[in-house]
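Throughout, residue positions are numbered sequentially from 1 according to the sequence presented.
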Amino acid sequence: MKMIDHLPKYAIRILMVLAMVAVVYQVIIPRTSVYFRYWLYQPKFGNYLNKRDIVLVSGEHFHLKVRNVNQRLKFSSTDYKVAFANDLGKVTAYRPGTAFIKVKVRDKVLICRVKVIKLNCSSVTLKVGESKKLNVLGNWFFESYTSSNEAVATVSKRGKVVAVSSGDAIITAKAKGKKIFCKVSVP
């Protein structure tokens with residue numbers, strides 16, 4: 001404690017700021033979407049993944065590849081109920097949520113974040129005047145909804161579907177660059 005007493009006050013403040021920056025850089029940023037979505041530096045040499053952030057619809061597949069490697073790799077998932085990766089890097093999305101796919105290459109571990117989204121229902125039958133709330137599971141913000149036939153069923157910005165007249169319509173939900181469909185039947 002005596003050593004700290006002899007340091008000028010500005011030196012102590014600089015050390016505290018450096019410590020906070022180190023904590024943010026090492027602990028907080030790797031757990032955010034900024035870390036997985038934007039690469040500040042993409043190596044020309046060494047091993048790296050073809051994608052670090054993937055959004056999949058439930059039931060969809062994606063082939064995850066490691067660049068600059070010529071050996072068999074071990075893929076693992078932090079949540080097998082959300083997404084699973086086989087030995088060849090084929091990622092399969094199962095249910096809404098977030099999972100991290102880890103790939104061990106020599107003494108290095110590469111990580112890819114997988115977000116899985118799904119619509120709460122894929123088909124619905126409504127009577128004229130009835131309504132149903134659609135929701136994109138696994139996504140919190142910025143989904144949009146459109147109806148293929150406004151004369152049969154209308155949909156609000158929040159996903160409330162209202163049956164107008166008899167017929168069929170397809171409601172399209174867009175979230176995170178993916179489209180998910182719900183068939184609406186009005187007898």
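With rounding to the nearest 0.5 angstrom, the NE2 atom of His63 is 8.0 Å from the CG atom of Asn86. In this structure, CZ in Phe75 is found 8.5 Å from CG in Asp87, a value given to the nearest 0.5 Å. A distance of 9.0 Å separates CG of Leu64 from CG of Leu110, quoted to the nearest 0.5 Å. The distance from the NZ atom of Lys178 to the OG atom of Ser58 is 12.0 Å, given to the nearest 0.5 Å. Ser122 contributes atom OG, which lies 13.0 Å from atom CD1 of Ile171 (distance to the nearest 0.5 angstrom). The distance from atom CZ of Arg158 to atom OH of Tyr145, rounded to the nearest 0.5 Å, is 10.0 Å.
Between Leu126 and Ser131 the shortest side-chain heavy-atom distance does not fall below 4.5 Å. Side-chain contact between Cys121 and Lys132 is present, with at least one heavy-atom pair separated by less than 4.5 Å. In this structure the side chain of Val186 never reaches within 4.5 angstrom of the side chain of Lys127, judged on heavy atoms. Two residues are said to be in side-chain contact when any heavy atoms from C-beta on lie closer than 4.5 Å; Val124 and Cys182 meet this criterion. In this structure, Lys102 and Lys74 have side chains that are not in contact, with every pair of non-hydrogen atoms separated by 4.5 Å or more.
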Practice prompt. Check the pair Val114, Val91 against side-chain contact (heavy atoms from CB on, under 4.5 Å), reporting the backbone distance first and the verdict last.
Written response: CA-CA 9 Å; Val114 179; Val91 179; 4.2 Å; yes
Discussion item. Determine whether Lys51 and Phe62 satisfy the following criterion, side-chain contact (heavy atoms from CB on, under 4.5 Å), listing intermediate values before the conclusion.
Written reply: CA-CA 10 Å; Lys51 287 280 193 173; Phe62 180 81; 3.5 Å; yes
Worksheet item: Given the rule in the side-chain contact (heavy atoms from CB on, under 4.5 Å) test, do Asp168 and Val152 qualify, once you have shown the distances and angles that lead to the verdict?
Response: CA-CA 6 Å; Asp168 293 327; Val152 174; 5.7 Å; no
Item to complete: Dump the intermediate steps for side-chain contact (heavy atoms from CB on, under 4.5 Å) on Val164 and Val128, then the final yes or no.
Response: CA-CA 5 Å; Val164 178; Val128 175; over 6 Å; no
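Under the 4.5 Å side-chain heavy-atom criterion for Ile, Leu, Val, Met, Phe, Trp and Tyr, Val82 and Leu119 are members of distinct hydrophobic clusters. Leu137 and Val161 fall into different hydrophobic clusters, where Ile, Leu, Val, Met, Phe, Trp and Tyr are joined by side-chain heavy atoms under 4.5 Å apart, directly or via other members. Residues Ile180 and Val116 do not share a hydrophobic cluster, defined by chaining ILVMFWY side chains whose heavy atoms lie under 4.5 Å apart. Ile54 and Leu49 fall within the same hydrophobic cluster, defined by Ile, Leu, Val, Met, Phe, Trp and Tyr side-chain heavy atoms under 4.5 Å apart, directly or through other members. Leu73 and Ile101 fall within a single hydrophobic cluster, where Ile, Leu, Val, Met, Phe, Trp and Tyr side chains are chained together by heavy-atom contacts under 4.5 Å.
The pair Lys176-Glu143 fails the salt-bridge criterion, with no side-chain N (NZ, NE, NH1 or NH2) lying under 4.0 Å from an Asp/Glu carboxylate O.
Atom NZ of Lys81 has 12 or fewer heavy atoms from other residues, nucleotides or ligands within 6.0 Å. Applying the 6.0 Å contact sphere to NZ of Lys183 captures no more than 12 heavy atoms from other residues, nucleotides or ligands.
Scanning all heavy atoms of the two residues, the minimum distance from Phe84 to Tyr94 falls at CB-CE1, 3.5 Å. Minimum heavy-atom separation, Phe181 to Ile170: CD2-CG2, 3.8 Å. Pairing each heavy atom of His61 with each of Leu56, the nearest pair is O-CD2, 4.3 Å. Counting all heavy atoms, side chain and backbone alike, Lys118 lies closest to Pro96 at CB-CG, 3.7 Å. Heavy atoms only, all atoms of each residue included: Phe100 and Ile111 are closest at CD2-CG2, 3.9 Å. Minimum heavy-atom separation, Ser166 to Pro187: CB-O, 3.5 Å.
Remark: the backbone N or O of Ala151 is paired with a side-chain donor or acceptor of Ser165 at under 3.5 angstrom. Not a single donor-acceptor pair under 3.5 Å links the side chain of Lys160 to the backbone N or O of Thr154. In terms of modelled atom types and a separation under 3.5 Å, the side chain of Asn120 and the main chain of Asn135 share a donor-acceptor contact.
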